[in-house]
Amino acid sequence: MAYTWYEHPEAPTIEIARRYWRDDGSKHCKNLFFRNHKGNRHYLVAFDCEQNLAIHDLERRLRQGKLSFASEQRMERWLGLRPGSVSPFGLINDPEHHVHLFLDRNLERFPAYSFHPNDNRATVVVSRSEFLRYLAAVGNTYEFIELY
């Protein structure tokens with residue numbers, strides 16, 4: 001997979017990460033990890049970091065019942081990640097393909113995306129086509145949906 005990688009100080013939030021972003025033409029993404037009310041389904045949601053996501057609106061759009069943020073233990077179990085480092089690259093740690101990825105439909109118009117590479121001390125910039133190739137290879141289900 002073709003990508004650009006750059007390291008920076010720890011950046012567990014978008015506000016901190018902004019200090020280190022480069023003008024590389026990519027869309028920086030925010031990633032949130034949720035569980036359903038039964039705790040038997042988990043969802044990773046990736047969207048434009050400039051947007052806000054209301055959980056109640058997300059619940060209505062997904063029609064998956066009440067959602068809540070997944071615990072640190074669930075994040076470790078299903079994505080092999082710790083808070084502040086969540087990204088779709090964590091799907092590589094989910095060989096059971098349990099986690100479903102929702103991507104904001106607006107991301108389809110951007111040529112490249114930026115994510116943490118499962119470590120919040122770096123950023124990976126990857127083209128949309130390479131990212132979709134990664135998703136196909138990792139095997140988790142995903143879909144682009146209208147998030148806001």
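Small disclaimer: the values here were computed from a predicted structure and weren't measured.
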Colleague: Quick one, Ser68 and His37 - any side-chain contact, counting heavy atoms below 4.5 Å?
Modeller: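 Contact flag for Ser68/His37 side chains = no.
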
Colleague: Tell me which one of Asn31, Val45, Asn118 satisfies side-chain contact (heavy atoms from CB on, under 4.5 Å) with Val86.
Modeller: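 Running side-chain contact (heavy atoms from CB on, under 4.5 Å) over Asn31, Val45, Asn118 with Val86 returns exactly one hit, Asn31.
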
Colleague: What distance separates Lys27 NZ from Asn106 CG, expressed to the nearest 0.5 Å?
Modeller: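 Answer for the NZ-CG pair, Lys27 versus Asn106, is 10.0 Å.
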
Colleague: Do the side chains of Leu32 and Ile55 get nearer than 4.5 Å, heavy atoms only?
Modeller: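 Of all side-chain heavy-atom pairs linking Leu32 with Ile55, none is under 4.5 Å.
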
Colleague: Taking Tyr20 as the fixed residue, which of His28, His8, His116 is the one that meets the ring pair (Phe, Tyr, Trp, His ring centres under 6.0 Å) rule?
Modeller: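 It is His8; the other options fail the test.
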
Colleague: Would a single hydrophobic cluster contain both Leu58 and Leu107, if residues Ile, Leu, Val, Met, Phe, Trp and Tyr are joined by side-chain heavy-atom contacts under 4.5 Å?
Modeller: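 Per the 4.5 Å side-chain linkage, Leu107 and Leu58 are not co-clustered.
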
Colleague: For Ala17 and Ala11, which heavy atoms make the closest approach, and how far apart are they?
Modeller: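 Scanning both residues, the minimum pair turns out to be CA-CB, 3.6 Å.
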
Colleague: Check the hydrophobic clustering (I, L, V, M, F, W, Y; side-chain heavy atoms under 4.5 Å; chains of links allowed) and say if Val124 and Val138 are grouped together.
Modeller: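 Same hydrophobic cluster.
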
Colleague: Got a second to check how far Lys66's NZ is from Arg35's CZ, nearest 0.5 Å?
Modeller: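 The NZ atom of Lys66 sits 9.5 Å away from the CZ atom of Arg35.
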
Colleague: Name the atoms and distances for all side-chain donor-acceptor pairs under 3.5 Å in residues 140-148, with sequence neighbours left out.
Modeller:
residue	atom	partner	partner atom	Å
Asn140	ND2	Asp94	OD2	2.8
Asn140	ND2	Val99	O	2.9
Thr141	OG1	His100	ND1	2.5
Glu143	OE2	His100	NE2	2.8
Tyr148	OH	Asp104	OD2	2.5

Colleague: If you compare all heavy atoms of Pro117 against all heavy atoms of Ala122, which two are closest, and at what distance to 0.1 Å?
Modeller: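 Result for this residue pair: CD-O, 3.1 Å.
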
Colleague: Measuring from Cys49:SG to Tyr113:OH, what's the distance to the nearest 0.5 Å?
Modeller: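 Cys49 SG to Tyr113 OH: 13.5 Å, rounded to 0.5 Å.
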
Colleague: Under 4.0 Å between a Lys/Arg side-chain N and an Asp/Glu carboxylate O for Asp119 and Arg121?
Modeller: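 The answer is yes: the pair qualifies as a salt bridge.
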
Colleague: Nearest 0.5 Å please: distance from the NE2 atom of His42 over to the CZ atom of Phe33.
Modeller: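 Answer for the NE2-CZ pair, His42 versus Phe33, is 5.0 Å.
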
Colleague: Can you see which heavy atom on Ile14 is nearest to which on Cys29, and at what distance?
Modeller: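 Scanning both residues, the minimum pair turns out to be CD1-O, 4.0 Å.
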
Colleague: I'd like to know if Leu132 and Met1 are part of one continuous hydrophobic network [Ile/Leu/Val/Met/Phe/Trp/Tyr, side-chain heavy atoms within less than 4.5 Å].
Modeller: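 Both belong to a single hydrophobic cluster.
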
Colleague: Side-chain heavy atoms under 4.5 angstrom apart, residues restricted to Ile, Leu, Val, Met, Phe, Trp, Tyr: same cluster for Phe47 and Phe131?
Modeller: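 In one cluster: no.
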
Colleague: Does Glu50 pair with Arg18 as a salt bridge, N-O distance under 4.0 Å?
Modeller: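 Looking at Glu50 and Arg18, the cut-off is met.
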
Colleague: Flag the pair Tyr134 / Phe89 as yes when their ring centroid distance falls below 6.0 Å, and as no otherwise.
Modeller: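 Between Tyr134 and Phe89, the centre distance is under 6.0 Å.
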
Colleague: Membership question, hydrophobic clusters at under 4.5 Å side-chain separation (ILVMFWY): are Tyr3 and Leu135 in the same one?
Modeller: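 Leu135 and Tyr3: one cluster.
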
Colleague: Side chain of Asp57, backbone of Arg61: donor and acceptor closer than 3.5 Å?
Modeller: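 Not at all, since once roles are kept as given, no pair shorter than 3.5 Å links the two residues.
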
Colleague: Please say whether more than 12 non-hydrogen atoms of neighbouring residues, nucleotides or ligands are located less than 6.0 Å from CD1 in Ile92.
Modeller: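 No, not enclosed.
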
Colleague: If you count every heavy atom of other residues, nucleotides or ligands that lies below 6.0 Å from Asn52 atom CG, does the total exceed 12?
Modeller: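 It does not: Asn52 CG has 12 such atoms or fewer within range.
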
Colleague: Does a side-chain heavy-atom distance below 4.5 Å link Trp21 with Ser114?
Modeller: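 Answer no - side chains too far apart.
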
Colleague: Sequence neighbours left out, cut at 3.5 Å: what donor-acceptor pairs do the side chains of residues 75-85 make with other protein atoms?
Modeller:
residue	atom	partner	partner atom	Å
Arg82	NH1	Glu72	OE2	2.9
Arg82	NH2	Glu72	OE2	3.2
Ser85	OG	Asn120	N	3.3

Colleague: My understanding is that only one of Val125, Thr4, Thr123 makes a side-chain contact (heavy atoms from CB on, under 4.5 Å) with Asp24; could you say which?
Modeller: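 Running side-chain contact (heavy atoms from CB on, under 4.5 Å) over Val125, Thr4, Thr123 with Asp24 returns exactly one hit, Val125.
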
Colleague: Parallel, tilted or perpendicular, judged at 30° and 60°: which one describes the rings of Phe102 and Tyr43?
Modeller: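 Answer is tilted, since the angle falls between 30° and 60°.
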
